[in-house]
Amino acid sequence: MRSHTEVTGERAPAGGGIELGDIPAAKALGWLDQMLLIREFESAAGPLALSGAIPGGMHAAIGQEAVAVGVASVLGADDVAAAPHRSHHIALAKGMDPRLMMAELFGKATGCAGGRGGHMHLADFSVGFFGSNGIVGGGAGLALGAALAQSYRGEQRVAAGFFGDGGANTGRVWEFVNLAAAWRLPLLLVCENNGYAVETRIGDAMAGESIAGRAAGFGLPAVQVDGQDVAAVHRAADDAVRRARSGGGPTFLETLTYRHLGHDVGERGQYRTTEEVAWWERNRDPIERLRTTLRSHGDLDDDAYEGAVQRARTRVADAVAEAQSAPLPDPATVTDGVTAVALKVRTGS
Ligand SMILES: Cc1ncc(C[n+]2csc(CCOP(=O)(O)OP(=O)(O)O)c2C)c(N)n1
Ligand SMILES: [Mg+2]
(Lines give C-alpha, C1' and ligand atoms only; values in the text may rest on other atoms or scores of the structure.)
(Ligands and ions follow the chains in the order given, each with its own letter.)
Protein backbone atom coordinates (compact mmCIF):
# COMPACT_ATOMS: atom_id res chain seq x y z
CA MET A 1 0.00 0.00 0.00
CA ARG A 2 1.50 3.34 -1.02
CA SER A 3 1.07 5.83 1.75
CA HIS A 4 -0.74 9.10 1.30
CA THR A 5 2.46 10.98 2.02
CA GLU A 6 4.43 9.10 -0.59
CA VAL A 7 1.87 9.46 -3.33
CA THR A 8 0.97 13.11 -2.92
CA GLY A 9 4.62 13.84 -2.17
CA GLU A 10 5.53 12.66 -5.66
CA ARG A 11 3.10 15.06 -7.23
CA ALA A 12 3.81 18.33 -5.48
CA PRO A 13 6.56 19.71 -3.27
CA ALA A 14 5.70 20.22 0.40
CA GLY A 15 3.67 23.36 0.86
CA GLY A 16 3.55 24.04 -2.87
CA GLY A 17 0.70 25.25 -5.03
CA ILE A 18 -1.02 23.39 -7.83
CA GLU A 19 -0.80 23.35 -11.61
CA LEU A 20 -3.71 25.30 -13.10
CA GLY A 21 -2.53 25.00 -16.72
CA ASP A 22 -5.06 26.60 -19.03
CA ILE A 23 -7.80 26.81 -16.41
CA PRO A 24 -9.00 30.45 -16.39
CA ALA A 25 -8.47 32.41 -13.17
CA ALA A 26 -12.21 33.18 -12.92
CA LYS A 27 -12.98 29.48 -12.80
CA ALA A 28 -10.34 28.80 -10.15
CA LEU A 29 -11.58 31.75 -8.08
CA GLY A 30 -15.07 30.22 -8.23
CA TRP A 31 -13.64 26.95 -6.86
CA LEU A 32 -11.96 28.89 -4.08
CA ASP A 33 -15.32 30.48 -3.15
CA GLN A 34 -16.97 27.06 -3.07
CA MET A 35 -14.23 25.54 -0.92
CA LEU A 36 -14.37 28.47 1.47
CA LEU A 37 -18.15 28.14 1.77
CA ILE A 38 -17.75 24.45 2.65
CA ARG A 39 -15.03 25.17 5.17
CA GLU A 40 -16.98 27.99 6.83
CA PHE A 41 -20.16 25.90 6.88
CA GLU A 42 -18.46 23.04 8.67
CA SER A 43 -16.39 25.30 10.93
CA ALA A 44 -19.64 26.83 12.16
CA ALA A 45 -21.70 23.63 12.30
CA GLY A 46 -19.17 21.52 14.21
CA PRO A 47 -19.12 23.58 17.42
CA LEU A 48 -22.91 23.95 17.25
CA ALA A 49 -23.19 20.15 17.19
CA LEU A 50 -20.75 19.84 20.09
CA SER A 51 -22.75 22.36 22.14
CA GLY A 52 -25.96 20.43 21.48
CA ALA A 53 -27.62 23.27 19.55
CA ILE A 54 -27.53 20.95 16.54
CA PRO A 55 -28.84 17.55 17.65
CA GLY A 56 -26.92 14.36 16.88
CA GLY A 57 -23.34 13.80 15.78
CA MET A 58 -21.60 15.21 12.75
CA HIS A 59 -18.99 14.14 10.23
CA ALA A 60 -17.01 17.07 8.84
CA ALA A 61 -15.06 16.98 5.58
CA ILE A 62 -12.66 19.84 6.36
CA GLY A 63 -9.56 19.04 4.30
CA GLN A 64 -11.51 17.15 1.63
CA GLU A 65 -13.13 20.15 -0.10
CA ALA A 66 -11.18 19.85 -3.36
CA VAL A 67 -12.57 16.39 -4.10
CA ALA A 68 -16.19 17.53 -4.06
CA VAL A 69 -15.51 20.84 -5.80
CA GLY A 70 -13.28 19.26 -8.47
CA VAL A 71 -15.82 16.57 -9.33
CA ALA A 72 -18.83 18.92 -9.18
CA SER A 73 -16.98 21.34 -11.49
CA VAL A 74 -17.75 19.01 -14.39
CA LEU A 75 -21.33 18.15 -13.40
CA GLY A 76 -24.32 20.13 -14.59
CA ALA A 77 -27.50 20.78 -12.61
CA ASP A 78 -29.13 17.85 -14.45
CA ASP A 79 -26.37 15.45 -13.42
CA VAL A 80 -26.65 13.55 -10.18
CA ALA A 81 -24.38 13.16 -7.16
CA ALA A 82 -24.95 10.91 -4.17
CA ALA A 83 -22.85 10.90 -1.02
CA PRO A 84 -22.03 8.85 2.06
CA HIS A 85 -22.34 9.98 5.71
CA ARG A 86 -19.65 12.66 5.23
CA SER A 87 -21.53 14.81 2.75
CA HIS A 88 -21.70 18.56 3.46
CA HIS A 89 -18.93 19.26 0.96
CA ILE A 90 -20.59 17.25 -1.78
CA ALA A 91 -24.04 18.77 -1.17
CA LEU A 92 -22.68 22.32 -1.23
CA ALA A 93 -20.47 21.68 -4.26
CA LYS A 94 -23.49 20.25 -6.10
CA GLY A 95 -25.29 23.52 -5.47
CA MET A 96 -27.41 22.93 -2.38
CA ASP A 97 -28.50 26.06 -0.55
CA PRO A 98 -26.62 26.30 2.77
CA ARG A 99 -29.81 27.63 4.41
CA LEU A 100 -31.76 24.47 3.54
CA MET A 101 -28.89 22.37 4.83
CA MET A 102 -28.33 24.29 8.06
CA ALA A 103 -32.05 24.25 8.90
CA GLU A 104 -32.01 20.47 8.39
CA LEU A 105 -29.00 20.12 10.69
CA PHE A 106 -30.98 21.98 13.35
CA GLY A 107 -33.98 19.66 12.77
CA LYS A 108 -36.18 22.56 11.72
CA ALA A 109 -39.31 22.47 9.55
CA THR A 110 -37.60 24.64 6.92
CA GLY A 111 -34.83 22.10 6.38
CA CYS A 112 -34.51 20.11 3.17
CA ALA A 113 -36.13 17.07 4.81
CA GLY A 114 -38.54 19.08 6.95
CA GLY A 115 -36.27 18.55 9.95
CA ARG A 116 -36.84 14.78 9.93
CA GLY A 117 -33.43 13.70 8.66
CA GLY A 118 -30.72 15.92 10.08
CA HIS A 119 -27.06 15.96 9.14
CA MET A 120 -26.89 12.50 7.53
CA HIS A 121 -30.04 12.89 5.41
CA LEU A 122 -29.50 15.93 3.26
CA ALA A 123 -30.95 15.89 -0.24
CA ASP A 124 -32.20 18.26 -2.90
CA PHE A 125 -33.35 16.67 -6.13
CA SER A 126 -33.77 20.12 -7.74
CA VAL A 127 -29.97 20.47 -7.89
CA GLY A 128 -29.33 16.77 -8.56
CA PHE A 129 -28.12 15.96 -5.06
CA PHE A 130 -29.55 12.53 -4.30
CA GLY A 131 -28.54 12.56 -0.70
CA SER A 132 -26.21 11.80 2.12
CA ASN A 133 -26.44 8.22 3.25
CA GLY A 134 -25.97 6.57 6.64
CA ILE A 135 -25.06 3.26 5.01
CA VAL A 136 -21.33 3.14 4.29
CA GLY A 137 -21.03 2.97 0.48
CA GLY A 138 -24.80 3.33 0.07
CA GLY A 139 -24.70 6.57 -1.88
CA ALA A 140 -22.73 4.92 -4.66
CA GLY A 141 -25.63 2.49 -5.15
CA LEU A 142 -28.11 5.35 -5.51
CA ALA A 143 -25.83 6.96 -8.09
CA LEU A 144 -25.64 3.62 -9.91
CA GLY A 145 -29.45 3.54 -10.02
CA ALA A 146 -29.56 7.09 -11.37
CA ALA A 147 -26.95 6.21 -14.01
CA LEU A 148 -28.97 3.14 -15.02
CA ALA A 149 -32.14 5.25 -15.36
CA GLN A 150 -30.29 7.87 -17.39
CA SER A 151 -28.77 5.27 -19.68
CA TYR A 152 -32.12 3.46 -20.08
CA ARG A 153 -33.78 6.71 -21.11
CA GLY A 154 -30.99 7.48 -23.55
CA GLU A 155 -30.06 10.71 -21.76
CA GLN A 156 -26.66 12.39 -21.81
CA ARG A 157 -26.67 12.92 -18.05
CA VAL A 158 -24.12 11.36 -15.74
CA ALA A 159 -24.05 10.40 -12.07
CA ALA A 160 -21.28 10.52 -9.48
CA GLY A 161 -21.34 8.22 -6.46
CA PHE A 162 -19.00 9.10 -3.59
CA PHE A 163 -17.74 6.68 -0.93
CA GLY A 164 -14.75 6.36 1.36
CA ASP A 165 -11.82 3.98 1.67
CA GLY A 166 -13.85 2.15 4.32
CA GLY A 167 -16.69 1.89 1.80
CA ALA A 168 -14.17 0.42 -0.64
CA ASN A 169 -13.66 -2.40 1.85
CA THR A 170 -17.32 -3.44 1.65
CA GLY A 171 -18.76 -5.94 -0.79
CA ARG A 172 -21.64 -3.73 -1.86
CA VAL A 173 -19.36 -1.12 -3.40
CA TRP A 174 -17.70 -3.73 -5.61
CA GLU A 175 -21.12 -5.00 -6.69
CA PHE A 176 -21.83 -1.44 -7.86
CA VAL A 177 -18.47 -1.20 -9.62
CA ASN A 178 -19.05 -4.54 -11.30
CA LEU A 179 -22.53 -3.66 -12.60
CA ALA A 180 -21.46 -0.17 -13.68
CA ALA A 181 -18.64 -1.70 -15.74
CA ALA A 182 -20.72 -4.59 -17.11
CA TRP A 183 -23.53 -2.26 -18.19
CA ARG A 184 -21.20 0.60 -19.25
CA LEU A 185 -23.18 3.09 -17.20
CA PRO A 186 -22.50 6.85 -17.24
CA LEU A 187 -21.16 6.79 -13.70
CA LEU A 188 -18.18 8.24 -11.82
CA LEU A 189 -17.26 6.11 -8.85
CA VAL A 190 -15.45 8.58 -6.60
CA CYS A 191 -13.52 7.04 -3.74
CA GLU A 192 -12.46 9.61 -1.14
CA ASN A 193 -9.51 7.77 0.31
CA ASN A 194 -8.81 9.85 3.42
CA GLY A 195 -6.65 7.12 4.89
CA TYR A 196 -8.99 6.09 7.70
CA ALA A 197 -12.29 4.36 8.30
CA VAL A 198 -13.22 5.64 11.76
CA GLU A 199 -10.03 4.62 13.62
CA THR A 200 -8.75 2.01 11.15
CA ARG A 201 -5.82 3.03 8.99
CA ILE A 202 -6.32 1.86 5.41
CA GLY A 203 -3.00 0.01 5.36
CA ASP A 204 -4.14 -2.12 8.30
CA ALA A 205 -7.30 -3.21 6.52
CA MET A 206 -6.22 -3.55 2.91
CA ALA A 207 -3.32 -5.04 0.97
CA GLY A 208 -2.15 -4.04 -2.49
CA GLU A 209 -0.88 -0.88 -4.14
CA SER A 210 -4.06 1.14 -4.36
CA ILE A 211 -7.84 1.05 -4.38
CA ALA A 212 -7.76 2.16 -8.02
CA GLY A 213 -5.55 -0.84 -8.79
CA ARG A 214 -8.14 -3.11 -7.27
CA ALA A 215 -10.90 -1.40 -9.26
CA ALA A 216 -9.07 -1.85 -12.57
CA GLY A 217 -9.65 -5.58 -12.24
CA PHE A 218 -13.34 -4.95 -12.83
CA GLY A 219 -12.65 -3.80 -16.37
CA LEU A 220 -13.08 -0.04 -16.21
CA PRO A 221 -10.64 2.88 -16.33
CA ALA A 222 -9.39 3.49 -12.78
CA VAL A 223 -7.09 6.34 -11.80
CA GLN A 224 -5.53 7.65 -8.63
CA VAL A 225 -5.47 11.42 -8.24
CA ASP A 226 -4.22 13.92 -5.67
CA GLY A 227 -7.43 14.87 -3.90
CA GLN A 228 -5.83 17.96 -2.34
CA ASP A 229 -5.39 19.51 -5.78
CA VAL A 230 -8.71 20.83 -7.10
CA ALA A 231 -7.37 21.24 -10.63
CA ALA A 232 -6.08 17.65 -10.75
CA VAL A 233 -9.45 16.35 -9.55
CA HIS A 234 -11.20 18.57 -12.11
CA ARG A 235 -9.05 17.22 -14.97
CA ALA A 236 -9.56 13.58 -13.95
CA ALA A 237 -13.32 14.10 -13.50
CA ASP A 238 -13.52 15.94 -16.83
CA ASP A 239 -11.97 12.97 -18.66
CA ALA A 240 -14.36 10.63 -16.88
CA VAL A 241 -17.46 12.71 -17.62
CA ARG A 242 -16.56 13.12 -21.31
CA ARG A 243 -16.15 9.36 -21.59
CA ALA A 244 -19.44 8.72 -19.75
CA ARG A 245 -21.43 11.20 -21.87
CA SER A 246 -20.14 9.70 -25.09
CA GLY A 247 -21.20 6.18 -24.15
CA GLY A 248 -17.75 5.08 -22.94
CA GLY A 249 -19.02 3.86 -19.58
CA PRO A 250 -17.91 4.42 -16.00
CA THR A 251 -14.63 5.53 -14.44
CA PHE A 252 -13.25 4.82 -11.00
CA LEU A 253 -11.49 7.82 -9.41
CA GLU A 254 -9.47 7.19 -6.26
CA THR A 255 -8.79 10.58 -4.71
CA LEU A 256 -6.09 10.71 -2.05
CA THR A 257 -7.31 13.09 0.58
CA TYR A 258 -7.30 13.68 4.33
CA ARG A 259 -9.78 14.81 6.95
CA HIS A 260 -8.33 17.42 9.28
CA LEU A 261 -10.86 16.70 12.01
CA GLY A 262 -11.82 13.45 13.66
CA HIS A 263 -14.19 10.85 12.25
CA ASP A 264 -16.96 12.79 13.94
CA VAL A 265 -16.75 16.11 15.68
CA GLY A 266 -15.56 15.78 19.24
CA GLU A 267 -13.62 12.56 18.60
CA ARG A 268 -10.35 12.37 20.52
CA GLY A 269 -8.24 11.08 17.66
CA GLN A 270 -5.91 8.76 19.54
CA TYR A 271 -5.22 6.64 16.45
CA ARG A 272 -3.11 9.23 14.63
CA THR A 273 -0.41 11.62 15.71
CA THR A 274 -0.77 15.38 15.98
CA GLU A 275 2.33 15.61 13.74
CA GLU A 276 0.59 13.71 10.97
CA VAL A 277 -2.49 15.93 11.10
CA ALA A 278 -0.32 19.07 11.22
CA TRP A 279 1.66 17.86 8.18
CA TRP A 280 -1.48 17.59 6.10
CA GLU A 281 -2.83 20.91 7.34
CA ARG A 282 0.45 22.67 6.63
CA ASN A 283 1.40 21.01 3.33
CA ARG A 284 -1.74 19.70 1.71
CA ASP A 285 -4.57 22.03 2.62
CA PRO A 286 -6.51 22.26 -0.67
CA ILE A 287 -7.60 25.85 -0.03
CA GLU A 288 -4.12 27.07 0.84
CA ARG A 289 -2.64 25.34 -2.20
CA LEU A 290 -5.08 27.01 -4.57
CA ARG A 291 -4.62 30.34 -2.80
CA THR A 292 -0.82 30.06 -3.16
CA THR A 293 -1.16 29.44 -6.88
CA LEU A 294 -3.65 32.26 -7.50
CA ARG A 295 -1.46 34.62 -5.49
CA SER A 296 1.66 33.67 -7.44
CA HIS A 297 -0.21 34.31 -10.72
CA GLY A 298 -1.25 37.76 -9.49
CA ASP A 299 -4.94 36.78 -9.49
CA LEU A 300 -5.60 37.02 -5.74
CA ASP A 301 -4.13 39.41 -3.20
CA ASP A 302 -4.62 39.13 0.55
CA ASP A 303 -7.48 41.64 0.63
CA ALA A 304 -9.39 39.78 -2.06
CA TYR A 305 -8.84 36.52 -0.21
CA GLU A 306 -10.07 37.99 3.08
CA GLY A 307 -13.09 39.37 1.23
CA ALA A 308 -13.89 35.90 -0.09
CA VAL A 309 -13.58 34.42 3.41
CA GLN A 310 -15.89 37.11 4.80
CA ARG A 311 -18.51 36.52 2.09
CA ALA A 312 -18.56 32.80 2.88
CA ARG A 313 -18.70 33.51 6.62
CA THR A 314 -21.64 35.88 6.19
CA ARG A 315 -23.61 33.38 4.12
CA VAL A 316 -23.08 30.74 6.77
CA ALA A 317 -23.91 33.12 9.65
CA ASP A 318 -27.15 34.05 7.86
CA ALA A 319 -27.97 30.37 7.41
CA VAL A 320 -27.35 29.71 11.12
CA ALA A 321 -29.46 32.69 12.23
CA GLU A 322 -32.30 31.65 9.94
CA ALA A 323 -32.15 28.04 11.16
CA GLN A 324 -32.10 29.09 14.81
CA SER A 325 -35.25 31.17 14.45
CA ALA A 326 -37.11 28.65 12.24
CA PRO A 327 -39.94 26.56 13.72
CA LEU A 328 -39.60 22.92 14.69
CA PRO A 329 -41.76 20.53 12.64
CA ASP A 330 -45.41 20.45 13.73
CA PRO A 331 -45.94 17.18 15.66
CA ALA A 332 -49.26 16.77 13.81
CA THR A 333 -47.25 16.18 10.62
CA VAL A 334 -45.19 13.34 12.06
CA THR A 335 -46.62 10.71 9.70
CA ASP A 336 -46.41 12.92 6.60
CA GLY A 337 -44.31 11.13 4.03
CA VAL A 338 -44.69 7.80 5.82
CA THR A 339 -46.25 5.33 3.39
CA ALA A 340 -47.38 2.74 5.92
CA VAL A 341 -47.10 2.28 9.65
CA ALA A 342 -47.38 -1.21 11.12
CA LEU A 343 -47.65 -0.91 14.86
CA LYS A 344 -48.82 -3.59 17.23
CA VAL A 345 -49.01 -2.75 20.90
CA ARG A 346 -49.19 -5.60 23.38
CA THR A 347 -50.91 -4.70 26.59
CA GLY A 348 -51.12 -6.72 29.76
CA SER A 349 -51.07 -10.53 29.79
C1 LIG B 1 -23.12 -0.54 6.52
C2 LIG B 1 -22.46 0.27 7.59
N3 LIG B 1 -21.50 -0.30 8.36
C4 LIG B 1 -20.90 0.41 9.35
C5 LIG B 1 -21.27 1.71 9.58
C6 LIG B 1 -20.56 2.53 10.68
N7 LIG B 1 -19.65 3.46 10.07
C8 LIG B 1 -20.00 4.75 9.86
S9 LIG B 1 -18.80 5.61 9.08
C10 LIG B 1 -17.77 4.26 9.03
C11 LIG B 1 -16.40 4.35 8.41
C12 LIG B 1 -16.45 4.80 7.00
O13 LIG B 1 -15.15 5.02 6.54
P14 LIG B 1 -14.91 5.58 5.10
O15 LIG B 1 -15.79 4.86 4.13
O16 LIG B 1 -13.47 5.55 4.86
O17 LIG B 1 -15.46 7.07 5.17
P18 LIG B 1 -14.89 8.29 6.04
O19 LIG B 1 -15.60 8.25 7.36
O20 LIG B 1 -13.44 8.15 6.15
O21 LIG B 1 -15.30 9.51 5.26
C22 LIG B 1 -18.38 3.17 9.61
C23 LIG B 1 -17.76 1.85 9.73
C24 LIG B 1 -22.30 2.26 8.77
N25 LIG B 1 -22.71 3.51 8.90
N26 LIG B 1 -22.86 1.53 7.76
MG1 LIG C 1 -12.09 7.05 5.06
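Just so you know, ligand 1 is whichever comes first in the structure, and atom 1 is the first atom listed for that ligand.
At least one N/O/S atom of Asp165, whether from backbone or side chain, sits less than 2.8 Å from the Mg ion (ligand 2). Look at Tyr196 and the Mg ion (ligand 2): an N/O/S atom of the residue is under 2.8 Å from the metal.
The protein non-hydrogen atom at the shortest distance from atom 21 (O) of ligand 1 is Arg86 NE, 2.7 Å. Among protein heavy atoms, atom 15 (O) of ligand 1 sits closest to Gly167 N, 2.8 Å. Distance from atom 1 (C) of ligand 1 to its nearest protein heavy atom, with residue and atom name: Arg172 NH2, 3.4 Å. Closest to atom 25 (N) of ligand 1, if we only count protein heavy atoms, is Gly134 O, 2.8 Å.
With respect to the salt-bridge test (charged N to carboxylate O, under 4.0 angstrom), the residues Lys27 and Asp22 do not qualify. The pair Arg311-Asp33 counts as a salt bridge, with a side-chain nitrogen and a carboxylate oxygen less than 4.0 angstrom apart. Ion pairing between a basic and an acidic side chain is recognised when a charged N comes within 4.0 Å of a carboxylate O; Arg284 and Asp229 show no such pairing.
Not one N or O of Val198 is nearer than 3.5 Å to an N or O of ligand 1, by distance alone. Looking at ligand 1, you'll find an N or O of His85 within less than 3.5 Å of one of its N or O atoms.
Side chains of Leu50 and Leu48 form no contact here, defined as non-hydrogen atoms less than 4.5 Å apart.
Note: His263 and His85 have tilted aromatic rings, judged against thresholds of 30 and 60 degrees for the angle between ring planes. Classification of the Trp174-Phe218 ring pair by plane angle, with boundaries at 30° and 60°, yields parallel. Using cut-offs of 30° and 60° on the angle between ring planes, the pair Trp280 and Tyr258 is parallel.
Val316 pairs with exactly one of Arg99, Glu42, Glu40 by the side chain to side chain contact (heavy atoms under 4.5 Å, CB included) rule, that one being Glu40.
Taking only non-hydrogen atoms, the option from Asn194, Asn133, Val136 nearest to atom 6 (C) of ligand 1 is Val136. Selection from Ala61, Gly195, Gly166 by nearest heavy atom to atom 16 (O) of ligand 1 gives Gly166.
A cation-pi contact, defined as under 6.0 Å to the ring centre and within 45° of the axis, links Arg291 to Tyr305.
Only the side chain of His263 comes within contact range of ligand 1, with a heavy atom under 4.0 Å; no backbone atom does.
Assignment of Phe163 to the shell around ligand 1 is not supported, since no heavy atom sits closer than 4.0 Å. The shortest heavy-atom distance from Glu192 to ligand 1 is not under 4.0 Å.
Remark: ligand 1 atoms within the under-4.0 Å shell around heavy atoms of Asp165 are 15 (O), 16 (O). The ligand atoms of ligand 1 that sit less than 4.0 angstrom from a heavy atom of Ala197 are 13 (O), 16 (O).
To the nearest 0.5 angstrom, Ile54 atom CD1 is 4.5 Å from Leu105 atom CG.
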